[in-house]
Amino acid sequence: MIKIILAEDHNIVRNGIKLLLEADEQIKVLGEAINGLGVMKLLASNEVDIIIADINMPEMDGMQLLREVKAKYPKIKVVMLSMHDHEKYVMEAFKNGGDGYLLKNISAEELIFAIKFVCRGYRYLCAELTMSLMDTMLQSKKYLMTMSDNEIDFSLRELEILQLIAEGLTNLEMSEKLFLSKRTIEGHRQSLLDKTGSKNSAALIRYGVLHGLIR
């Protein structure tokens, strides 16, 4: 069971996120808070795995909360869930030890996948921001240098899934397109991450671009 504290100052939004999370039998929302101060109080009497926090909250915002949690409870994962898609917010979150950054317009399926992915010890950046990062990379001369031939042995299916990840498809969309189960898709995604040493989808796409594996 993945135990979560949810921090969001808008009741309707928080309730909606809670319903989405608890629709999965492996996830339990142990506590809710309207700001970082509320989260810190909950941490004093609860053992949790992940904190999902908005950035804009009164009294103690998400970034302040992130720094406090990583200083006092370094083993707890912190995922930012925000409307802010600017690169500076993403960079600040990961610079301060964040384990994930999600936009509030993501699908329920991606939200659940991200939580489980982070719980396994990886960092996660949502697909929309990953695509934006890839566009930035493709426009940068630094990443257009000639690379040596890739020596890792990928299966044709793994290369196919890598291409679909780069195109921004979710696990569910890939499952429907390739007529495979979501579990199989997740297995291939994990294999790609393991083989390339990538920590998240953004790093995986970067690897694919640099080694000419993505069309």
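Residue numbers start at 1 and run along the sequence shown. In this text the structure is predicted, and so the values were computed from the model without any measurement.
Follow the hydrophobic side-chain contacts under 4.5 Å out from Leu164 and you never reach Leu172; the two are in separate clusters. In the hydrophobic clustering of ILVMFWY residues, with side-chain heavy atoms under 4.5 Å counting as a link, Met60 and Ile34 come out apart. Note on Met83: it does not cluster hydrophobically with Ile52, by side-chain heavy-atom contacts below 4.5 Å among ILVMFWY residues.
Side chains of Lys116 and Ile2 form a contact here, defined as non-hydrogen atoms less than 4.5 Å apart. At a threshold of 4.5 Å between non-hydrogen side-chain atoms, the residues Lys195 and Tyr207 do not count as touching. When side chains are defined from C-beta on, Val69 counts as touching Met40, because their heavy atoms get closer than 4.5 Å.
The pair Arg189-Glu158 does not count as a salt bridge, with every side-chain nitrogen at least 4.0 angstrom from each carboxylate oxygen. Look at Lys104 and Asp54 and you find a salt bridge, because one of the NZ, NE, NH1 or NH2 atoms lies within 4.0 Å of a carboxylate O, short of that distance. A salt bridge does not link Asp9 to Arg14: none of the charged side-chain nitrogens sits closer than 4.0 Å to a carboxylate oxygen.
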What donor-acceptor contacts under 3.5 angstrom involve side-chain atoms of residues 88-98, with partners at least two apart or in another chain?
residue: Asn96; atom: ND2; partner: Glu92; partner atom: O; Å: 2.8

Enumerate, atom names and distances included, each donor-acceptor pair closer than 3.5 Å involving a side-chain atom of residues 178-186, sequence neighbours excluded.
residue: Ser181; atom: OG; partner: Thr184; partner atom: N; Å: 3.1
residue: Ser181; atom: OG; partner: Thr184; partner atom: OG1; Å: 2.9

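Ile50 CD1 to Ile115 CD1: the interatomic distance, rounded to the nearest 0.5 Å, is 4.5 Å.
Every residue meeting the ring pair (Phe, Tyr, Trp, His ring centres under 6.0 Å) condition with Phe117, not counting sequence neighbours, appears here in chain and number order: Phe113, Tyr122, Tyr124. Applying the side chain to side chain donor-acceptor pair (under 3.5 Å) criterion to Glu87, with sequence neighbours excluded, gives no partner residue. Every residue two or more places apart in sequence or in another chain was checked for a side chain to side chain donor-acceptor pair (under 3.5 Å) with Asp85, and none qualifies. Not counting sequence neighbours, Leu19 has no partner by the side chain to side chain contact (heavy atoms under 4.5 Å, CB included) test.
Side-chain atoms of Ser198 never come within 3.5 Å of backbone atoms of Asn200 as a donor-acceptor pair (strictly under, hydrogens ignored). Between the side chain of Glu8 and the backbone N or O of His10, at least one donor-acceptor pair lies under 3.5 Å.
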Would Glu110 and Thr170 count as a side-chain hydrogen bond (donor to acceptor under 3.5 Å, both in side chains) if you check the C-alpha gap in whole Å, the side-chain angles of each, and the deciding distance to 0.1 Å? CA-CA 7 Å; Glu110 185 175 9; Thr170 65; over 6 Å; no
